[in-house]
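Comments concern the structure below.
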Number of protein chains: 2
Amino acid sequence: MNARSIVSEDAPVHGTSATPVQESRIARLCVERGLKMTGQRRVIARVLSDAEDHPDVEELYRRATALDSRISVATVYRTVRLLEEKGILERRDFGGGRARYEASEHGRHYHLIDIDTGKVIEFEDEEHEALMRRIAERLGFDLISLRMELFGRRVPAQESASAGKAGDKAGAAGRERKAPAALGGGKA
Amino acid sequence: MNARSIVSEDAPVHGTSATPVQESRIARLCVERGLKMTGQRRVIARVLSDAEDHPDVEELYRRATALDSRISVATVYRTVRLLEEKGILERRDFGGGRARYEASEHGRHYHLIDIDTGKVIEFEDEEHEALMRRIAERLGFDLISLRMELFGRRVPAQESASAGKAGDKAGAAGRERKAPAALGGGKA
DNA sequence: TTATGTGCAAACAGTTTGCCCTATC
DNA sequence: GATAGGGCAAACTGTTTGCACATAA
């Protein structure tokens, strides 16, 4: 996606360099929550801040090492888990067997996955959540969270309305093989 | 759930026995689709037919071997995949990192997972799908399938309305540890 | 009889973890 | 300088697969 802008930041970020490169948005959040800020965390935070898609750990690792090679996958896993626990990140499962991440408070939104290309379109739906909350209440529950993904196929010709705000390239969501726990719903 | 009724069927099922034990509903579906009916498939089919919950492979394996010990996990995996491809079964992901299964055409319904107990309540919502289809269309997509799970917590006192139709005991859906790709949505 | 299914164990992918060194506060 | 974080590689979990044998049709 914005791999370009990420890579162009290439220089300082980690080290003992001149210009103090201002902290990324997520790095700032980390500091606020009192996390010890190491070089690798700063890099990962920057990658996450710059990401406009929903990268999986492998992709985060790739982008992070492009900025600073002394980062291991283990650290990416640990950091991503930490940030999720701190409420800074949110984990997603679009099928395909790997967790994918995006910063919290991108505003409440849902995802529509193009089953042919794996592209992810975000959309909002104000009423939806309220509706589900009501349903949960009717069943005697407080709604704590909800998960919803739509899987669709681009309708061919005729020009249709505007698309969502963010694209995404990582592997298609369909079930090729090796997709342990994915694709729920029926034929809709 | 109905482990009792499953176990009580114990006798024939597999073999060269007297009373021809009538085929389970799913076994019948298998025959209709031209699947070769082996002893183990018949057992697995029966377990699935009798299940009123959403067992994972481990649980299916446990129940199946209780009926007939000469079944391996590999076979359960293979069978479950086969049945899913044939549209007889549907795979679910309630978080917790293992796929869970239920027979197709239980009618269209959704799931509310009790985050404290892992219990799964089913509920219907006629409009919901139509609403999502409209949203997808607005984005230029045909809705192929959709996935939605609510995660909630039982509201304490006051007697509230009726619960759903099916309970479920297998491991809580929450994120204790070791849950690779699960729990999506935000704080709702 | 012949294509298909099964058991077993090894292989895999994604993720976690133990140990020991390093860096941050 | 004490304590939390990171690298590396080994361990784990859920799931798939290769192979030789068994079995339904």
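Throughout, a chain's letter reflects where its sequence line sits, starting with A, and its residues are numbered from 1.
For the salt bridge (charged side-chain N to carboxylate O under 4.0 Å, His left out) test, residues two or more places apart in sequence or in another chain that qualify with B:R25 are B:E105. Residues passing the salt bridge (charged side-chain N to carboxylate O under 4.0 Å, His left out) test with A:R28: none are found, sequence neighbours excluded. For B:R41, the side chain to side chain contact (heavy atoms under 4.5 Å, CB included) test picks out B:L35, B:K36, B:M37, B:T38, B:T79, B:L82, with sequence neighbours left out. For B:A130, the side chain to side chain contact (heavy atoms under 4.5 Å, CB included) test picks out B:R134, with sequence neighbours left out.
A distance of 6.0 Å or more separates the ring centres of A:H109 and A:F123. Outside the 6.0 Å centre-distance limit, the rings of B:H54 and B:Y101 are not counted as a close aromatic pair.
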Output a table of nitrogen or oxygen pairs between the protein and nucleotides 5-8 of chain C separated by less than 3.5 Å.
residue	atom	partner	partner atom	Å
C:dG5	OP1	B:R41	NH1	3.4
C:dG5	OP1	B:R41	NH2	3.3
C:dT6	OP1	B:T38	OG1	2.7
C:dT6	O3'	B:Q40	NE2	2.9
C:dG7	OP1	B:Q40	NE2	3.1
C:dG7	OP1	B:R70	O	2.5
C:dG7	OP1	B:I71	N	3.3
C:dG7	OP1	B:S72	N	3.4
C:dG7	OP2	B:S72	N	3.1
C:dG7	OP2	B:S72	OG	2.8
C:dG7	OP2	B:T75	OG1	2.0
C:dG7	N7	B:R78	NH2	2.7
C:dG7	O6	B:R78	NH2	3.3

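For A:E137 and A:R133, the salt-bridge test fails: no basic side-chain N is under 4.0 Å from an acidic carboxylate O. Using a 4.0 Å cut-off between charged nitrogen and carboxylate oxygen, A:E59 and A:R62 count as a salt-bridge pair.
In this structure, B:Y61 atom OH and D:dG14 atom P are separated by 14 Å, rounded to whole Å. To the nearest angstrom, P of D:dG14 lies 16 Å from CG of A:D93. We find that OH of A:Y77 is positioned 16 Å from P of D:dT13, with the value rounded to whole Å.
Fit an axis to the five pairs at each end of the helix from C:dT1-D:dA25 to C:dC25-D:dG1 and the two axes sit 30° apart, to the nearest 10 degrees.
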